[in-house]
Amino acid sequence: MDVSILESHGFSWQACASCSEACPEGALFCIHCGAALGDSAPLMDRYEAEDEVLSEVFSDFDGDMPAPEILLADIPEHVTRVIHQKRQKALPVDGLPIRLAAFLSTIREEGTLGLQALGHIEVEPRPYQIESALSILEAMGGSGILADEVGLGKTIEAGLVIKEMILRRTASRILVLVPASLLAQWGEELTDKFGLTISDDTAVETLSPEFEGIMLLSLHRAKSRKVQALFGAVAWDLVVVDEAHSLKNHLTLAHRFVFSLRRKYTVLLTATPIQNDLRELYNLINIVKPGYFKSIRLFRRKYMADRFTPRNPEELRRLCSRVMVRHRRSDTLIKLPPREVNTHFVEPSATELEFYNLTLELARRAVSLLHVDEGDHIMLLLSILLKESTSSPEALLGTLEAAVLPKIVRETESALLRQVLELGRSLSLTAKMQWLLEEVASQPGEPIIIYTEYLKTQSKLQGLLEAEGALVHRYAGNLRLREKEAALAAFRQQGGVLLSTEVGGQGLNLQHCHRLVNFDLPWNPMKLEQRIGRIHRFGQQEKVEISTIAGKGTFEEYLVTILLSKIKLFEMVIGEIDSILAYLKNPVPMERRIGRIILTSPDTSSIQRRLDNLANEILTAKQHFDRDRDSSAKLLDLPAVAEEAL
Amino acid sequence: MTDVRPDTHGAAWRAPLLAKAKARYGIVERDGRLELPESVRGFFLGEQSVEAPAGGGGAGSDFFWHRLAEHVTVTEPMFYRASLPAPSIPPDLQEIVSTDPLLLIWVRGQFEAHRLIEHPLAVAISKDRAIKVSLDLFSDEGPLTPAKIYLTEEELAARMTLLRGALPVLMNREIVEIQATMLRTLGEETQRIREYYSHLLVKTVKHEEKERLRQEQHFLEVEHRRRLHPGALRILVVPEVIVALSIEV
């Protein structure tokens with residue numbers, strides 16, 4: 001080291017006894033070889049005196065502090081090209097002050113963290129979500145439990161943590177474990193809102209210890225005997241587990257699997273960290289901070305009066321707040337206006353009803369011809385056909401004309417197939433379309449969002465509405481980003497109708513609109529909830545009106561009257577259904593279960609009975625969820641805790 | 001040594017940044033809201049206007065500041081060539097000026113330690129020295145004028161090598177503090193793990209289960225060392241702004 005550099009800083013210097021290099025006087029360790037310098041002795045003595053373990057840890061260094069790894073990132077190539085330019089123009093320098101101000105404004109205060117992720121995402125997080133991410137990254141050292149009440153956006157908080165760790169190159173091996181029912185939603189959120197690329201989950205079976213990227217898959221699949229060893233071989237930088245109450249029992253495979261993973265950082269998400277038994281809280285915290293409560297015996301002695309009653313609740317809350325971030329709805333100042341929900345049952349014409357019934361018959365015959373089980377992709381395809389038949393003839397015809405049905409079905413059921421196609425072509429205006437045109441015309445100046453799952457339906461509706469003089473903005477996944485932005489900007493500025501197919505992703509702020517129509521029904525209740533969440537969110541000033549249209553005598557009617565009404569989906573707060581469905585014992589996604597019920601039931605009464613059973617199953621899951629939510633609130637949500645956690 | 005002044009961090013820069021952005025990009029404040037010109041909207045998810053943010057250091061307005069900073073970063077160059085009249089040389093640079101151009105570089109030091117931490121740093125690099133300078137050097141354009149300064153690839157590489165070599169010195173204070181905290185945290189967490197497993201092992205009778213627990217404990221301790229060992233301290237130093245500076249004698 002050039003001593004003049006040190007002197008030019010005003011440093012006095014000293015030579016390291018170990019490597020003879022010059023070091024600033026006052027430094028505790030040599031900046032070249034890490035050896036202890038003169039002044040470090042008292043510090044070492046102090047550590048050694050602190051406790052035995054510390055001294056053992058410290059003794060590893062043999063008095064030398066290792067040099068850190070310092071990586072100087074390269075200057076971007078486009079900048080070095082400018083630096084090396086031989087033929088130069090004088091570049092303006094007026095941008096320098098603002099560029100410096102911009103850089104320095106992102107440093108919150110010395111030694112803390114500014115979330116760089118905020119500059120690189122497609123969603124605007126609420127301030128409490130930013131606080132949560134910062135708590136995990138700073139105060140909790142990268143590992144903790146995100147335990148906000150349901151519907152406050154824990155996924156956004158976790159997404160911020162993941163994005164930040166990636167931007168800072170802190171994490172390159174990331175494992176995200178979620179319930180099967182939430183896989184698609186997580187995938188969409190991480191991709192659309194955070195610009196992250198998810199690794200192909202078909203690579204799971206060949207996962208190597210050198211894997212780098214984000215692996216998103218269901219906990220159910222990851223813990224299976226077939227692949228769990230592969231996950232154990234990877235030294236994960238970050239493991240995220242959603243609906244982590246599934247890890248509450250330390251004797252289960254799920255708990256043991258996650259606990260045994262090699263991981264630097266762990267983030268758990270659950271709205272119900274405390275359930276009936278306080279031991280479960282101990283188990284969850286033990287995953288993020290092993291040994292945090294030392295041992296279960298000590299935990300029982302200090303914090304459990306009995307299995308269900310805490311001893312020293314104040315102290316327990318204080319300790320929990322060091323490893324757990326929790327916000328209540330009341331903390332977040334989010335007060336939403338009321339929601340008015342109406343279902344309009346329209347009377348299909350005889351031709352429509354026949355079209356729908358024959359499609360159902362065709363799908364059922366395909367099931368018996370192909371002997372498919374619920375996991376088969378053909379089952380999914382047939383479910384789509386059914387949904388399309390109640391969306392619009394155009395949607396179904398588009399699929400059928402593309403000859404997607406297996407050859408055996410097309411040949412064996414050619415007469416029936418031809419009949420469906422002919423009926424579909426003869427239908428130019430369905431009862432649902434007629435209702436929609438009247439609804440839009442009834443309040444001409446008011447902005448309204450109409451959701452459909454299918455592009456063909458969207459296109460048909462656009463033509464019909466425009467023919468009636470409505471101003472229509474189309475928003476769909478097949479548009480370019482710029483086109484999507486233009487559509488939204490025009491809708492905000494000019495009002496009219498926003499015809500949307502995209503449910504997930506994109507932090508759309510559409511609060512200026514308070515009317516929404518579900519033209520067709522997604523079979524996944526979470527998708528319905530996401531649609532509503534686009535307008536029934538922070539910033540909405542007016543009562544939100546949600547209309548759902550269903551054809552009488554179709555399975556859409558049964559879905560609304562039996563399933564959605566019974567579980568009171570439209571009365572739930574946003575996000576609640578996600579947590580409730582995660583409590584279901586059957587991990588098969590809801591869309592598949594509904595598809596199976598409709599396709600394998602011999603008649604209408606059977607469909608109704610089985611949908612009713614499914615509703616009861618969800619209600620039981622809801623009871624368990626409610627019980628756990630109350631238990632968590634009872635212990636964690638005293639004012640003192642909320643303040644501390646914030 | 002010129003130390004970093006506490007008031008040159010974060011919140012203190014926010015109000016000046018907004019004032020500069022208003023003047024430079026045509027952002028207009030009206031009734032507590034900022035009306036964003038077309039060029040800026042893309043950085044605010046397409047919004048035409050946003051609520052005027054509080055200037056403090058709380059997380060409440062972090063989103064706004066990071067988006068504005070991102071807009072500036074994308075819009076304004078990272079590299080500048082400038083000259084400075086000799087009488088205007090700031091005190092920070094007086095000891096390092098020479099006839100050769102100086103390279104000034106502002107970097108973000110990202111520490112991966114017992115937690116994530118960051119420290120900004122500004123460094124002036126001559127042909128043979130690298131010294132720490134004040135972060136707010138040239139935060140106002142002042143007497144800087146555009147200049148033509150040619151740095152060859154070799155010259156730039158040599159200065160970056162000098163910077164790389166000087167970083168342990170320039171960040172020594174932070175490194176020492178952070179490594180000491182990592183060491184202490186490692187000790188505490190290792191102790192916790194050992195206590196936890198000692199209780200479990202006492203209660204466990206089966207040999208296989210004992211072995212499994214011992215192995216689990218070993219893995220956990222290894223993982224903690226992977227994260228908390230002072231040798232695991234990793235610092236990523238990211239250049240943010242660069243100025244090639246010549247002095248007009």
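Any value given below was found using the heavy atoms of this structure, including those in side chains, with hydrogens, waters and symmetry copies removed. In what follows, chains carry the letters A, B, and so on, assigned in the order in which the sequence lines appear, proteins first and then strands, with residues in each chain numbered from 1.
- Taking the six-membered ring for Trp and thresholds of 30 and 60 degrees, B/Phe63 and B/Phe44 have ring planes more than 60 degrees apart, a perpendicular arrangement.
- Across all their heavy atoms, B/Arg81 and A/Val82 have their closest contact at NH1-O, 2.9 Å.
- Residue contact with chain B, scored on non-hydrogen atoms closer than 4.5 Å, is absent for A/Gln129.
- Proximity to chain A involves both the backbone and the side chain of B/Leu151, based on heavy atoms less than 4.5 angstrom apart.
- With a 4.5 angstrom heavy-atom cutoff, A/Arg297 touches chain B only via side-chain atoms.
- A/Ser260 does not touch chain B: none of its heavy atoms, backbone or side chain, sits under 4.5 Å away.
- Contacts between A/Ile296 and chain B at a heavy-atom distance below 4.5 Å involve the side chain alone, from C-beta outward.
- B/Tyr197 and B/Glu216 are linked by a side-chain donor-acceptor pair at a separation below 3.5 angstrom, with hydrogens and angles left out of the test.
- For chain B, the nearby part of A/Pro92 is the backbone; its heavy atoms alone come within less than 4.5 Å.
- When heavy atoms are compared at a cutoff of 4.5 Å, A/Tyr265 approaches chain B solely by way of its side chain, counted from C-beta outward.
- In this structure, A/Arg169 CZ and B/Gln110 CD are separated by 8.0 Å, a value rounded to the nearest 0.5 Å.
- Using a 4.5 Å cut-off between heavy atoms, A/His78 does not touch chain B at all.
- For A/Arg81, no part lies under 4.5 angstrom from a heavy atom of chain B.
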